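This one's a predicted model, so the numbers in the text were calculated from it and none came from an experiment.
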Amino acid sequence: IRSFAKKYGSNEFTATDYANYLRKSITQVRQMLMRMSVLGFIFYDVNTEIVNIKPKLENYLAASVNKVDFDVIGFPSRTKAPLENAVFDLRNYDLKINGIPQIFVSDSQNVVFFPKEERITLKRNRNFHFDGTVIAGLFKFYGNNFFFNYDSFKINLQKVDLLAIQYLTGERDNYGIALIDDIDNDIQHITGEVLIDKPDNKSGRINYSEYPIFKSNENSFVYYEREDIQNGVYEQDDFYFKVYPFIIDSLDNFNKKALKFDGEFHSADIFPSFEQTISLQQDKSLGFYHLTPEEGLPLYGGKGGFKNEIHLSNDGLRGKGIISYLSSTAISDDILFYPDSLNAYARDFTLAKETTGTEFPWVKSSNSYIHWLPYSDEFFIHKGETDFKMFNDSTTLSGSLKLEPTGLSGLGRMDLKNSELKSDLFTYKSNEIMADTADFLLKSLHTDDFTVLTDNVNAHIDYDSRKGFFNSN
């Protein structure tokens, strides 16, 4: 048509003249012109058979050879009665369109919108507003109050409920296609904007690899309150990672090394809040490794302390290092921190002897299990493969201990070298053992048996005076 118009010398001509130029029947040409008219390239008057070329035809031809920009945005509406396809508001000129399941905004940058309830509000100059889902490369935004600006070719995300992220694993399948995986945490309560492409490159005719770009405007949050994360103990009200505003580009092709977000960790007062950077962990979660200062960090509001390495992932908040509580220290490679308690397997536990104030005996153990209830001030140590050594190398306990600010207590069987003492409740001082109810067994000097067996006695052993007192209850 354009070639004929140039030869004819005008953008207005008759269908007959065009049929003669093509050497086709007028019937064939009429059908062709009607199709071109429906597509918006020409205006065709079927009564006068006059044809006028519209600017869209020139723009289309120029765009086809990358001389000018164009877009791929369309609003195909399909509804069922009684739902209308569109409603035009004469007060503000908004056009509410129904029956739009998806809108392809940029096929080159892989940006697609999925309006909630298949509804958008079209405003002036091809701007529109909607709720729903935005896919921008490997980022998927779910929320409300999204506003697409045509001229700047970006979308303002006013209220994102959550952001789900995928990443390139760096591996390929048998067909050479890059493999993609999901991050197992969402970023929530986020606002920002997605720059889809350069405003003069809506067609993607030039490859700008840094697009799409996402800019977050305010702090957002990663939560760990899920049943599959330690049975949901990390409640999001006070256990979360606050993500500072960030910018990330190349949303359609970034790899896992680019997934790093600066922010501040809040741990429900397990530790004081501290700044850190979350990144992709081995379990596909967002987390971090944090090394404490040399002096360590307070634990549970100063109830105790911890020094060395902290690890956050979907396996929970874990640690490897030294736990300190009262005059005790526990060294562990496997610590699990809960908001109200701590569990650990301690390869070494030591309770230093205290002879003033609240007294504690010397205690030493290996491979013991620790359960600490900080807000009840109860620190339980359970025997592992070997017995506790207490007071000296020749006194042991096979059982459990409870350390409190008021003192040390325990239960089990105490081996006193030449005798044994069994009780469900021992109390200890720096050099004393006491039990209101105990069984006393005195070892034989000549056999492995016991020569004296006394049940239900009140026992008091004093290492300073090297005396033991046993009274029948």
Side-chain angles (χ1 to χ4, degrees), residues 63 69-80 83-89 92-167 180 182-183 186-205 207-218 220 247-254:
D69 193 25
F70 62 94
D71 66 72
V72 297
I73 302 172
F75 306 104
S77 171
R78 295 179 179 87
T79 63
K80 293 182 179 180
L83 182 65
E84 62 277 350
N85 290 90
V87 176
F88 184 65
D89 193 330
N92 52 25
Y93 304 108
D94 286 350
L95 182 65
K96 293 184 178 180
I97 308 176
N98 297 309
I100 302 179
Q102 59 189 19
I103 302 170
F104 291 94
V105 182
S106 174
D107 48 9
S108 61
Q109 301 294 3
N110 190 25
V111 178
V112 188
F113 303 161
F114 296 87
K116 184 178 180 180
E117 298 179 350
E118 300 185 356
R119 180 182 299 122
I120 71 167
T121 301
L122 184 64
K123 298 179 176 291
R124 298 185 183 189
N125 194 30
R126 293 157 287 186
N127 301 329
F128 57 90
H129 168 274
F130 68 101
D131 302 331
T133 303
V134 171
I135 295 179
L138 300 173
F139 275 39
K140 187 179 290 186
F141 303 88
Y142 300 87
N144 302 296
N145 200 18
F146 298 163
F147 187 83
F148 173 73
N149 187 292
Y150 182 83
D151 284 342
S152 58
F153 209 47
K154 68 180 182 181
I155 178 166
N156 292 316
L157 308 171
Q158 300 298 324
K159 185 182 178 183
V160 179
D161 295 327
L162 64 88
L163 163 62
I165 304 175
Q166 295 178 309
Y167 65 95
I180 296 173
D182 297 311
I183 293 179
D186 302 320
I187 301 178
Q188 300 186 32
H189 308 308
I190 191 169
T191 62
E193 59 184 16
V194 175
L195 309 182
I196 301 169
D197 209 325
K198 288 196 172 184
D200 60 352
N201 194 51
K202 297 179 176 68
S203 62
R205 68 188 192 281
N207 180 27
Y208 295 108
S209 60
E210 67 271 25
Y211 287 90
I213 299 170
F214 175 67
K215 298 180 179 180
S216 75
N217 297 332
E218 300 175 356
S220 50
I247 299 175
I248 186 167
D249 59 22
S250 308
L251 298 186
D252 58 344
N253 59 21
F254 66 88

S.K.: Between S152 and P199, which heavy-atom pair has the shortest distance, and what is it?
M.R.: O-CG, 3.7 Å
S.K.: For residues 144-156, which residue pairs qualify under salt bridge (Lys or Arg N to Asp or Glu O under 4.0 Å), counting only residues two or more places apart or in two chains?
M.R.: K154-E193
S.K.: Taking the side chain as every heavy atom from C-beta outward, state whether D89 and K96 have any pair of such atoms under 4.5 Å apart.
M.R.: no
S.K.: Using 30° and 60° as the class limits, which term best fits the ring planes of Y211 and Y208: parallel, tilted or perpendicular?
M.R.: perpendicular
S.K.: Which heavy-atom pair separates G132 from F146 by the least distance, and what is that distance?
M.R.: O-CE1, 3.4 Å
S.K.: The criterion is salt bridge (Lys or Arg N to Asp or Glu O under 4.0 Å); which residues satisfy it with E118, sequence neighbours excluded?
M.R.: none
S.K.: Using side-chain contact (heavy atoms from CB on, under 4.5 Å) as the criterion, list what pairs up with D182, not counting sequence neighbours.
M.R.: Q166
S.K.: Would you indicate whether F88, at its atom CZ, is surrounded by more than 12 heavy atoms from other residues, nucleotides or ligands within a distance under 6.0 Å?
M.R.: yes
S.K.: Please enumerate all residues that pass side-chain contact (heavy atoms from CB on, under 4.5 Å) together with I73, with sequence neighbours excluded.
M.R.: D71, F75, I103, V105, F148, Y150, F153
S.K.: Starting from the C-alpha separation in whole Å, work towards a yes-or-no answer on side-chain contact (heavy atoms from CB on, under 4.5 Å) for F147 and F130.
M.R.: CA-CA 7 Å; F147 187 83; F130 68 101; over 6 Å; no
S.K.: Could you tell me the separation between the CG atom of D161 and the CG atom of N144, rounded to the nearest 0.5 Å?
M.R.: 5.5 Å
S.K.: Among residues two or more places apart or on two chains, list those pairs meeting side chain to side chain donor-acceptor pair (under 3.5 Å) that have a residue in residues 127-143.
M.R.: H129-N145
S.K.: What heavy-atom pair brings A136 and V194 nearest, and what distance separates the two atoms?
M.R.: CB-CG1, 4.0 Å
S.K.: Could you tell me the separation between the CG atom of L122 and the OH atom of Y93, rounded to the nearest 0.5 Å?
M.R.: 15.0 Å
S.K.: Minimum heavy-atom separation for N85 and S77, please, with both atom names.
M.R.: ND2-OG, 2.9 Å
S.K.: CZ of F114 to CD1 of I135: how many Å apart, nearest 0.5 Å?
M.R.: 4.5 Å
S.K.: Counting only heavy atoms from other residues, nucleotides and ligands, does the tally under 6.0 Å from CZ of R124 exceed 12?
M.R.: no
S.K.: How about I190 and L157: do any of their side-chain heavy atoms sit closer than 4.5 Å?
M.R.: no
S.K.: So, does S250 use its side chain to make a donor-acceptor pair with the main chain of S209 at under 3.5 Å?
M.R.: yes
S.K.: So, taking the atom named CD1 in I155 and the one named CZ in F141, what distance separates them when rounded to the nearest 0.5 Å?
M.R.: 9.0 Å
S.K.: Rounded to the nearest 0.5 Å, what's the gap from CD on E84 to CD1 on I97? Could you check?
M.R.: 11.5 Å
S.K.: Is it the case that the side chain of D186 and the backbone of Q188 share a donor-acceptor pair, with hydrogens and angles ignored and the cut-off at 3.5 Å?
M.R.: no
S.K.: Please report the closest heavy-atom contact between A86 and L95, naming both atoms and the distance.
M.R.: CB-CD1, 3.8 Å
S.K.: Can you measure from CD (E210) to CD1 (I248) and round to the nearest 0.5 angstrom?
M.R.: 13.5 Å
S.K.: Test: side chain to side chain donor-acceptor pair (under 3.5 Å). Region: residues 97-113. Which pairs qualify, not counting sequence neighbours?
M.R.: N98-R119, S106-S108, Q109-D197
S.K.: Minimum heavy-atom separation for T191 to F214, with atom names?
M.R.: O-CZ, 4.2 Å
